[in-house]
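The structure under discussion appears below in the form of structure tokens.
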Amino acid sequence: MDISPPEAPPRDLTQAEIDAFHTDGVVRLSGMIDDKWLGRIAEGVEYLLANPTVLAQATALLGGGGFAGDAFMWKTHDGFRDFMFFSPAARIAQQLFGSTAITAFYDQIFAKPAGSGAPTPFHEDVSSWPIAGDQVCAMWIPLDPCTPDTAALQVVRGSHRWGRRYVPITPGATHLGRREELEAVPDVSDHEILSWDLTPGDIVLFHPAALHGATGTGPERQRRAFVSRWVGDGVTFQPQHAVLPLLWEHGLRPGDPIGGPLFPRVLPTPVPTETGARFDGPQQPHAERAEEFLTILRML
């Protein structure tokens, strides 16, 4: 089937913004997501929080009540599917990387209730992921106004270039990713931390190898955030020791370029064999994989 190309962003990235991402590991892009897409995302977030999937149940088990969330929502909810294929996000990633191809990695939501005292500890993501390569980015999009003191994302400047990897900080499950080459996350208080006052429509575009975290929320407002993750050229599948649960069939072998029905290419054009089934309807996780995953979590 033919799929319409993604929308153009409201403006092109500047060279200064691209340089800031590569040098600092993070840059704020103001007003890059319009009200139409914000509405689709917010509607999807509220639906999924009220109708938790397997991965939402896992988030609840591991989060201890301090936050709620979900992942790979594009597989089960059409609003997130449409954001992946038709929003400006893929074109923003392509401008950032200057790459030929842009592939969707996965999406995720994080919702903290008002008055949550639960901070998100500083961590980096790539030690938990089944990939290798540097052309990787995350777009952290707030759905509620937030500040550095009320759960806006905070990133340790330049930490993506330290060449170090850290033990995952998933609550209650750090042993799932513990291996000898990983270090404990250091005290970041002596390092420069970048964060901004944010409003819906902003994007905090950051490198997932950078250390990042967030405070709890203020007493009067929740904080919902949507994260869309993308890869460019040269990123391969490397599942060794990965913590990220892959509950759908992906068809990849170690060393393969990232792609396939779980990680579909969006630019320059989608691949029909990767995308066709998803446009026929929602795709639920593989039942046996999902039950095995939940069984493990219940034992923690």
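For the numbers below, each heavy atom of this structure counts, side chains included, while hydrogens, waters and symmetry mates do not.
In Glu288, the CD atom is not crowded: 12 or fewer heavy atoms of neighbouring residues, nucleotides or ligands sit closer than 6.0 Å. For Arg221, the CZ atom sits in a loose shell: 12 or fewer heavy atoms of surrounding residues, nucleotides or ligands are nearer than 6.0 Å.
Two residues are said to be in side-chain contact when any heavy atoms from C-beta on lie closer than 4.5 Å; Ile131 and Thr236 fail this criterion. The shortest side-chain heavy-atom distance between Tyr106 and Leu262 does not fall under the 4.5 Å cut-off. Side-chain contact between Leu244 and Pro130 is present, with at least one heavy-atom pair separated by less than 4.5 Å. No side-chain heavy atom of Leu13 sits under 4.5 Å from any side-chain heavy atom of Phe21. You'll find the side chain of Val45 stays beyond 4.5 Å of the side chain of Phe110, heavy atoms only. A 4.5 Å side-chain heavy-atom check between Ile102 and Pro268 finds every atom pair outside the cut-off. Using a 4.5 Å heavy-atom threshold, the side chains of Val155 and Ile193 count as separate. With a 4.5 Å cut-off on side-chain heavy atoms, Ile92 and Met32 count as touching.
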Using salt bridge (Lys or Arg N to Asp or Glu O under 4.0 Å), reason through Glu46 and Arg224 one step at a time and then give a plain yes or no. CA-CA 10 Å; Glu46 294 309 307; Arg224 299 163 300 161; 3.1 Å; yes

Begin with the C-alpha distance, continue with both residues' side-chain angles, and end with the deciding distance and a verdict on side-chain contact (heavy atoms from CB on, under 4.5 Å) for Ile109 and Val227. CA-CA 6 Å; Ile109 53 177; Val227 187; over 6 Å; no

Under the salt bridge (Lys or Arg N to Asp or Glu O under 4.0 Å) rule, what do Asp82 and Arg40 come out as? Steps first, then yes or no, please. CA-CA 9 Å; Asp82 291 349; Arg40 294 290 304 275; 3.0 Å; yes

Show, in sequence, the C-alpha distance, side-chain angles and deciding distance for Leu198 and Val204, and conclude whether the side-chain contact (heavy atoms from CB on, under 4.5 Å) test is met. CA-CA 9 Å; Leu198 302 173; Val204 180; 3.6 Å; yes

Verdict with reasoning, Leu38 to Ile141, per side-chain contact (heavy atoms from CB on, under 4.5 Å): CA-CA 9 Å; Leu38 287 172; Ile141 300 168; 4.2 Å; yes

Derivation of the salt bridge (Lys or Arg N to Asp or Glu O under 4.0 Å) call for Asp70 and Lys75: CA-CA 11 Å; Asp70 206 343; Lys75 277 290 196 181; over 6 Å; no

Full working for ring pair (Phe, Tyr, Trp, His ring centres under 6.0 Å) between Phe206 and His160: CA-CA 9 Å; Phe206 73 100; His160 66 304; over 10 Å; no

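With Asp34 contributing its side chain and Lys36 its backbone, the two residues share a donor-acceptor pair below 3.5 Å. Side chain of Lys112 to main chain of Thr215: a donor-acceptor pair is present (N/O by atom type, distance under 3.5 Å, no hydrogens or angles). The backbone N or O of Ser228 lies less than 3.5 Å from no partner atom in the side chain of Gln108, so there is not a single donor-acceptor pair. Asp202 places a side-chain N or O within donor-acceptor distance of the main-chain N or O of Gly31, the cut-off being under 3.5 Å. With hydrogens and angles disregarded, no donor-acceptor distance shorter than 3.5 Å links the side chain of Thr76 to the backbone of Gln284. Side chain of Ser195 to backbone of Leu153: a donor-acceptor contact under 3.5 angstrom is found. No donor-acceptor distance shorter than 3.5 angstrom exists from the side chain of Glu274 to the backbone of Pro261, with no hydrogens or angles considered. When atom types are taken as modelled, the side chain of Glu183 and the backbone of Tyr166 share no donor-acceptor pair closer than 3.5 angstrom. Using modelled atom types, one side-chain atom of Arg161 and one backbone atom of Thr23 make a donor-acceptor pair closer than 3.5 Å. When atom types are taken as modelled, the side chain of Thr150 and the backbone of Thr217 share no donor-acceptor pair closer than 3.5 angstrom.
Under the salt bridge (charged side-chain N to carboxylate O under 4.0 Å, His left out) criterion, Arg265 pairs with no residue, sequence neighbours left out.
Considering all non-hydrogen atoms of both residues, Asp78 and Pro282 come closest at OD1-CG, 4.5 Å. The shortest non-hydrogen separation linking Thr275 to Pro270 is CG2-CB, 4.0 Å.
Each of Phe226, Trp74, Phe85 was compared with Phe80 under the ring-ring contact (aromatic ring centres under 6.0 Å, His included) criterion, and only Phe226 meets it.
With rounding to the nearest 0.5 Å, the separation of CE in Met139 from OG in Ser87 is 8.0 Å. In this structure, the separation between CH2 on Trp162 and CD on Glu124 is 11.0 Å, given to the nearest 0.5 Å. For the atom pair Ile41 CD1 and His77 NE2, the distance stands at 11.0 Å (nearest 0.5 Å).
Between Phe72 and Trp248, the two ring planes are tilted [angle within 30° to 60°]. A perpendicular orientation is assigned to the rings of Trp37 and Phe83, their planes being inclined by more than 60° (bins at 30° and 60°).
A salt bridge is absent between Glu17 and Arg28; no separation between the charged side-chain nitrogens and carboxylate oxygens falls under 4.0 Å. Taking 4.0 Å as the cut-off between side-chain N and carboxylate O, Arg81 and Asp107 do not count as a salt-bridged pair. Note on Arg289 versus Glu249: salt bridge recorded, some NZ/NE/NH1/NH2 to OD/OE distance being below 4.0 Å. In summary, Arg223 and Asp144 do not engage in a salt bridge, as defined by a charged side-chain N under 4.0 Å from a carboxylate O.
With 3.5 Å as the limit, one finds a donor-acceptor pair spanning the side chains of Asp134 and His207. Donor-acceptor pairing under 3.5 Å is lacking for the side chains of Ser127 and Trp129. For the residue pair Trp230 / Gln135, no side-chain donor-acceptor distance below 3.5 Å is found, with atom types taken as modelled. In the model, His212 has a side-chain atom that pairs as donor or acceptor with a side-chain atom of Asp125 under 3.5 Å. Under 3.5 Å, the side chains of Asp149 and Thr147 contain no donor-acceptor pair of N or O atoms.
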